[in-house]
Amino acid sequence: MGFYKEVFDFSNRNVLESQFVELLNEEIISVEQLETWLKKQSALYDGIEEGISGHYIDFQCHSNSKEAKEKFEYDQQQVEPLVKKYVSLLDEKFLSTEARHQLNEEYYQLFIKSKQNSKELFREENINLEVKEDELATSYFEITGSQTVQWNGEELTLSQLSPYLQDSNRDIRKQALTLMAESFIEKENELQDIMDQLIAIRQQKAENAGLDNYRDYMFKKYERFDYTPADCKRLAEAIQTHVKPLKEKLQRKHQSELAVDTYRPWDRAGVRVGQTPLKPFENTDELVEKSATIFNNLDPRFAELLTTMNNKQMLDLNSRKGKAPGGFCSPLPVSELSFIFMNASRTHDDMITLLHEMGHCIHNDLKKELPLNDYRETPMESSELASMSMELLTMDQWQIFYQNEQDLKRAKIEQLKGIIEFLPQGMVIDQFQHWLYENPTHTAEQRNEKYRELMHSIDSETVDWTGYEKWAKTNWLKVLHIFEVPFYYIEYVIAQLGAVQLYKQYRENPDEALTNYKHALSLGASKSLPEIYEAAGIKFDFSEEMIKELMIFLEGELDKLV
């Protein structure tokens, strides 16, 4: 599509392979030669990442395009297996090179730890399993990307339908949610079948690597050196204790505002009679322009990034048929820019999504000077800190989107309430994934029942699902992370707690908080997560005491807005 640079012609695997072979055969005697070799290796990885990311973006933007799908699948089946094989061989070469003992210990400590971890985990027989795994994730996107519904004689994607969930007319909300929920139930058998196959493949990968289950495999794969599965369970319990009651309190208040006897699934996002859903922009040009104004006030470089990406067609923001669901930011390391993908439908959430994804772009920009590709590949707990903090650091400028004082107040309340609403949901999805892979022989029905059980225990019980239990049980089918990037969700929760700490700091001293934010992000993955959070002036802490303190802070902030 022209927004990314194809350094390598992937169709000629021999050319790509020769690059790896050259690096493998290079003689390394001195520490200087080793550091030069590592930089060459990083440049190779950057070129490959840009091509693979570009093809992935093309397919997400046009999941109904035969050409885009063929390129994407070719990468999955031919390029990525080749890369995985040679990355493992290069890691072996690095670890067995005598000169590595002369590297600056402080700077390379995490790099070496990462390489040793990768060596322990790598099994050549898992490469073919990962090709099958990728094919199944592609099937998920094809199914969900083609979902449309008829609404008043018009064909809409589920993203385009979502604003109607906020309508003041309860019947309209119910009709919209019914179409959405039934759309997934219609596809349930296909999606459950994909999940069955994914669980079997993933369990096999874990066993091949000598691990009991895929949960342990992914904790190692994600290099979660700073917390354990037991910590995740404790976090779920702390959120159940301190966030769930606050969420229920806010929902009961919302129920009262809506003047409804029972609080039903279609009431959760509704506005009261006489109000209209928040609409911060008319079209995506306005969304980009107003966001750029906000970013310019924070740091002119932030605005320059957004404008440059827009001019280079590196933003695909509108929802349409044949486009995959969701939103993401993908770094393009050769172009030294990022691509933002989302499905805007002119809602407040769309405004937040662009601010959020720009946090990732800013992070990518701040760490681009790091010479090692590995140190630019940041763990998600710091990547999501970058994006979730950006949502909050821009809040005091939202009058650029909301000139009406009441709408501005509503937008801020919605943002803070959204954090409280999200945390229990995030832990349900996390604990659900733990259960999936701790019990890999379960049935589809047991899977649905477990999800409903976790909703009941960790999340709010204010909503009355009577008669619509099936909707609740199958709600996880729309969470693409469970299919494509398993175990990616706890990071949102951890980062959200970090972002609230950063916002608290920003409320006290905006300049210092922004300086700390930029400094922390510029470190990439060259420091541990606790050190990154410390650099941001916050704590990598999700203890019960911290959660309690942050909920008191958020409730206080909400009280000021009422």
Side-chain angles (χ1 to χ4, degrees), residues 1 57-66 68-69 139-191 258 264-290 313 315-328 340-354 357 401-402 407 410-411 414 468 470-471 474-475 477-480:
M1 278 175 73
I57 293 163
D58 275 342
F59 177 61
Q60 294 290 305
C61 293
H62 308 282
S63 54
N64 56 354
S65 159
K66 187 170 178 284
K69 185 186 177 190
S139 301
Y140 174 83
F141 282 116
E142 285 180 311
I143 292 166
T144 53
S146 64
Q147 282 173 299
T148 59
V149 297
Q150 287 299 315
W151 183 265
N152 297 336
E154 193 183 351
E155 186 181 25
L156 297 183
T157 65
L158 299 191
S159 297
Q160 289 166 334
L161 184 64
S162 62
Y164 294 102
L165 297 175
Q166 300 174 34
D167 204 282
S168 60
N169 184 318
R170 200 180 193 197
D171 291 336
I172 288 175
R173 295 199 299 267
K174 183 178 179 181
Q175 188 188 350
L177 187 59
T178 301
L179 286 170
M180 279 183 155
E182 294 299 330
S183 175
F184 273 96
I185 288 169
E186 220 175 272
K187 305 285 185 187
E188 186 194 0
N189 289 343
E190 292 170 73
L191 298 178
L258 293 177
R264 302 293 264 162
W266 47 86
D267 293 324
R268 290 170 297 170
V271 301
R272 63 172 178 255
V273 175
Q275 273 188 347
T276 53
L278 290 168
K279 193 176 173 186
F281 60 94
E282 285 298 329
N283 53 55
T284 48
D285 288 343
E286 186 187 345
L287 171 62
V288 172
E289 186 187 326
K290 288 185 171 177
Q313 295 181 305
L315 307 175
D316 187 344
L317 309 181
N318 288 305
S319 179
R320 60 179 177 271
K321 187 181 178 182
K323 180 178 176 181
F328 61 80
I340 292 181
F341 171 100
M342 58 183 270
N343 281 276
S345 47
R346 298 187 297 170
T347 64
H348 173 74
D349 281 350
D350 296 328
M351 177 191 102
I352 296 301
T353 299
L354 184 61
E357 299 303 345
F401 279 101
Y402 296 108
D407 284 351
R410 275 176 62 200
E414 199 167 302
Y468 298 91
K470 181 72 172 174
W471 292 7
T474 54
N475 208 27
L477 292 171
K478 66 182 183 188
V479 183
L480 61 89

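Between Ser159 and Ser319, the closest heavy-atom pair is CB-OG, 3.6 Å. Contact between Glu142 and Phe59 at its shortest, heavy atoms only, is CG-CZ, 4.1 Å. For His348 against Pro280, the heavy-atom pair with the smallest separation is N-CD, 3.7 Å. In terms of heavy atoms, Arg320 sits closest to Cys61 at NH2-O, 2.8 Å. A pairwise comparison of heavy atoms in Gln166 and Leu278 identifies OE1-N, 4.3 Å as the closest pair.
By the 4.5 Å heavy-atom criterion applied to side chains, Pro163 and Lys279 are not counted as neighbours. In this structure, Arg410 and Val271 have side chains that are in contact, with non-hydrogen atoms separated by less than 4.5 Å. With a 4.5 Å cut-off on side-chain heavy atoms, Lys478 and Thr144 do not count as touching. For the pair Leu158/Pro325, no side-chain contact is recorded, criterion being any heavy-atom separation below 4.5 Å from C-beta on. For the pair Asp407 and Phe401, the minimum side-chain heavy-atom distance is 4.5 Å or more. Put simply, the side chain of Arg173 reaches to within 4.5 Å of the side chain of Leu258, judged on heavy atoms. Within the 4.5 Å cutoff, side-chain heavy atoms of Asp350 are placed close to those of Ser345.
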Margin query: Please evaluate residues Asn343 and Thr157 with respect to the criterion side-chain contact (heavy atoms from CB on, under 4.5 Å), reporting the C-alpha separation (whole Å), side-chain torsions for both, the decisive distance (0.1 Å), and the verdict.
Written below: CA-CA 9 Å; Asn343 281 276; Thr157 65; 5.6 Å; no

Margin query: Leu477 vs Phe184, test: side-chain contact (heavy atoms from CB on, under 4.5 Å). Steps then yes/no.
Written below: CA-CA 7 Å; Leu477 292 171; Phe184 273 96; 4.0 Å; yes

Next item on the list: Evaluate the side-chain contact (heavy atoms from CB on, under 4.5 Å) criterion for residues Glu357 and Met342: first the C-alpha distance (whole Å), next the side-chain angles of each, then the deciding distance (0.1 Å), finally the verdict.
Entry: CA-CA 9 Å; Glu357 299 303 345; Met342 58 183 270; 5.5 Å; no

Next item on the list: Go through the steps to decide whether Met180 and Leu165 satisfy the test side-chain contact (heavy atoms from CB on, under 4.5 Å), and finish with yes or no.
Entry: CA-CA 10 Å; Met180 279 183 155; Leu165 297 175; 3.8 Å; yes

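Residue pairs meeting the ring pair (Phe, Tyr, Trp, His ring centres under 6.0 Å) criterion with at least one partner in residues 147-170, sequence neighbours excluded, are Trp151-Tyr164.
Qualifying ring pair (Phe, Tyr, Trp, His ring centres under 6.0 Å) partners for Tyr140, counting only residues two or more places apart in sequence or in other chains: Phe483.
One distance of note links CZ of Arg346 with CG of Asn318; it measures 10.0 Å at 0.5 Å rounding. We find the CD-CD1 distance between Glu190 and Ile143 to be 4.5 Å, quoted to the nearest 0.5 Å. Note: Lys69 NZ to Asn64 CG = 11.0 Å, rounded to the nearest 0.5 Å. To the nearest 0.5 Å, atoms CG (Leu161) and CG (Leu179) are separated by 6.0 Å.
No hydrogens or angles considered: nothing links the side chains of Thr474 and Glu188 as a donor-acceptor pair under 3.5 Å.
The side-chain contact (heavy atoms from CB on, under 4.5 Å) test with Leu177 singles out one residue from Arg264, Glu182, Arg268, and that residue is Arg268. The side-chain contact (heavy atoms from CB on, under 4.5 Å) with Leu315 is formed by just one residue from the set Thr284, Leu287, Val288; it is Val288. Just one of Glu155, Lys321, Gln160 meets the side-chain hydrogen bond (donor to acceptor under 3.5 Å, both in side chains) condition when paired with Thr148; it is Glu155.
Using a 4.0 Å cut-off between charged nitrogen and carboxylate oxygen, Asp171 and Lys174 do not count as a salt-bridge pair.
Phe341 carries Lys323 over the face of its six-membered ring, with the cationic atom under 6.0 Å from the centre and within 45° of the normal.
The aromatic rings of Trp471 and Trp266 sit perpendicular, their planes meeting at an angle over 60°, well past the 30° parallel limit.
Of the possible polar contacts, none joining the Ser63 side chain to the Gln60 backbone as a donor-acceptor pair under 3.5 Å is found.
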